[in-house]
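Every chain is numbered from 1 and lettered A, B, ... according to where its sequence line falls, protein lines coming before strand lines.
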Amino acid sequence: MNTAQKQYLPGLDLLKFILAVLIISAHCHFLNEFPAIQQWWSRLTSIAVPLFFGISSFLFFRKIYSLPKDSNTSPILIHSIKRLAILFICWYVLMIPMTYFRFYSVATLKETIYAILFSCCFNGYWFIKALIINTTILYFCRRTKALIICSFMAFLVYIYCSFNYIYHYNPLLESLHPYYSFYYHTAYFCVGALFARFHDRFHFDKWHIGVLFVFWIILNIFNNFNFFTLYIDYPHLLSFFPFSIK
Amino acid sequence: MKMKGSNSTFKYLRDMSIILYMVQFILIWLYDGACNKWIETDTVAYNILQYSVTRFIVITAVSISIAWLILTLEKRPRLSFLQYLH
């Protein structure tokens, strides 16, 4: 194990805790009674899931890229997938009562198969499924050229899925929505993997972060006035920040 | 990123964030079920439970308490399950 593997980043763990609280606030529809503030708050909370994906991908590929080129990296993938699978099975069992009433009792066979394989039957565990699928896909695209091509394609898919984005509150439609499918989030995994690969080359200083932050605020103002039909969560630009601060 | 405080504190927060993420869905489901079915919302005193701020505070507090309980039990050798996640 070399220095890069041993180096522990406590800031990312603290960030994960803050993001978990932000996710709770999003799921509780926090500040729903105050629509003006809620709109801004939801912009902030929408960053939580992409950042989680980005951080997971960054930490995973940091381990992979810290090893010599000819070394066997498959144990890292197996360990990671095994850990996620345990979490997924536990969660699946815990969620059975809710899943049945909200999904299985109303879904068709086709919808059930799609949800089990790619999407979700209940809010929440799509997240672990997306982690497992995207980590595996990007592991096989870990070579620099393949990673760049994969990132470009993932970004195109993300843009395509973002056109005329409508958030459904119907539990069944929600379960089949692209947002709850792994491919919508592959782009964020790519961001994490690219940062792990080129971390030394594309290091931002405090000035760059300041400029990005101002850019984020301007985009938010545009987004809140509904100038575009293309919906992209602009605060996701913040996904770059935690990887860029030393 | 240089942070003040011991690494074990941050690792504790990491474990807590996993539990928070999992537990919140069950708690929100139970809370909404309780508010819609079991609690008589005609009673003015209970209306406060319908506010999103109350909902957030209650669910966060209960989630953190459950996470603390699980992590405390985790220290006992016979009950340590989270070790499989590391």
* **Flag side-chain contact, heavy atom, 4.5 Å: L19(A) against Y21(B)** => no

* Spacing of T54(B) atom OG1 and E33(A) atom CD [to the nearest 0.5 Å] -> 8.0 Å

* **Worked check of side-chain contact (heavy atoms from CB on, under 4.5 Å) between F56(B) and L31(A)** => CA-CA 9 Å; F56(B) 171 65; L31(A) 301 172; over 6 Å; no

* Asked: Once you round to the nearest 0.5 Å, how far does CZ of F25(B) lie from CD1 of I24(A)?
  -> 9.5 Å

* To do: Measure the CG-SG distance between L27(B) and C28(A) for me, rounded to the nearest 0.5 Å.
  => 9.0 Å

* Asked: How many angstroms lie between CG in L12(A) and CZ in R14(B), if you round to the nearest 0.5 Å?
  -> 11.0 Å

* From CA spacing to verdict: side-chain contact (heavy atoms from CB on, under 4.5 Å), L15(A), F10(B) -> CA-CA 10 Å; L15(A) 191 68; F10(B) 293 107; over 6 Å; no

* To do: For the pair S17(B) (side chain) and A20(A) (backbone), establish whether a donor and an acceptor sit closer than 3.5 Å, ignoring hydrogens and angles.
  => no

* Asked: Do I57(B) and F30(A) have side chains that get closer than 4.5 Å, going by heavy atoms?
  -> no

* To do: Tell me, for I28(B) versus chain A, whether the close heavy atoms (under 4.5 Å) come from the side chain, the backbone, both or neither.
  => side chain

* Asked: With distance as the sole test, does Q24(B) use its side chain to make a donor-acceptor pair with the main-chain N or O of H27(A) at under 3.5 Å?
  -> no

* Structure fact -> Whatever's closer than 4.5 Å to a heavy atom in chain A on Y51(B) counts as both

* Asked: Does some side-chain heavy atom of K11(B) sit less than 4.5 Å from a side-chain heavy atom of D13(A)?
  -> yes

* Asked: Would a 4.5 Å heavy-atom cut-off, applied to side chains only, mark M22(B) and L87(A) as touching?
  -> yes

